[in-house]
Amino acid sequence: KSTTIYRSGTPALPLIVSLSKALRLALLDLDEKYEQVKKRNEYLQEKLKKYDRVSINTNDYTIPHMLNISVLDIKPETMQHALENYDIYISTQSACASSNTVSKAVLELTKSQEKASHSLRISISSLTTIQEIDQFVNAFDECYNHLMLGE
């Protein structure tokens, strides 16, 4: 008599092969992809530095696939929903924060309650293009100016 709770069966070979292929593709040129994402992140940061009320919360110890910013004086949900009108989807706070609290990671990093309560998270991948970042910045600019003026 078997003591395991698992029942034997036929392995899902197509799923196993698909997973294997996906992992091979994900690991292909990993260092080059990382550097590409890092450059895209730096490019986006340079574009966002021109805004007086935007704080870049990401530091040198953060993976480049995430850029965390705070848009002071604008509720993060308001900016998030404004960007949705341009089919741009970002997240509020940091990945480990619940929606009803300030981002503890940003608070710890910046020591600023205001920045922690206005945190936005932007994701970047090796597939993100400069043109897409420029589209984001153009939409961000329109939303930022519109919301800052309170129109």
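- Looking at R40 and E35, no side-chain N of the basic residue comes within less than 4.0 Å of a carboxylate O on the acidic one, giving no salt bridge.
- Under the side-chain contact (heavy atoms from CB on, under 4.5 Å) criterion, L107 pairs with V102, Q113, A116, sequence neighbours left out.
- A donor-acceptor pair shorter than 3.5 Å cannot be found between the side chains of T110 and N57.
- A donor-acceptor pair under 3.5 Å links the side-chain atoms of T58 to the main chain of N68, judged by distance alone.
- Between E46 and K49 there is a salt bridge, with a side-chain nitrogen of the basic residue lying less than 4.0 Å from a carboxylate oxygen of the acidic one.
- Proximity of a side-chain donor or acceptor of D141 to a complementary backbone N or O of V137 within less than 3.5 Å is not detected.
- Note: F140 and Y51 meet the aromatic proximity criterion, with ring centroids under 6.0 Å apart.
- In this view, K111 and E108 satisfy the salt bridge (Lys or Arg N to Asp or Glu O under 4.0 Å) rule, not counting sequence neighbours.
- Side chains of E142 and N138: a donor-acceptor N/O pair is absent below 3.5 angstrom, by distance only.
- A search for side-chain contact (heavy atoms from CB on, under 4.5 Å) contacts involving K21 returns R24, L25, not counting sequence neighbours.
- You'll find the side chain of L67 reaches within 4.5 Å of the side chain of I56, heavy atoms only.
- For the pair T128 (side chain) and I124 (backbone), a donor-acceptor distance under 3.5 Å is absent.
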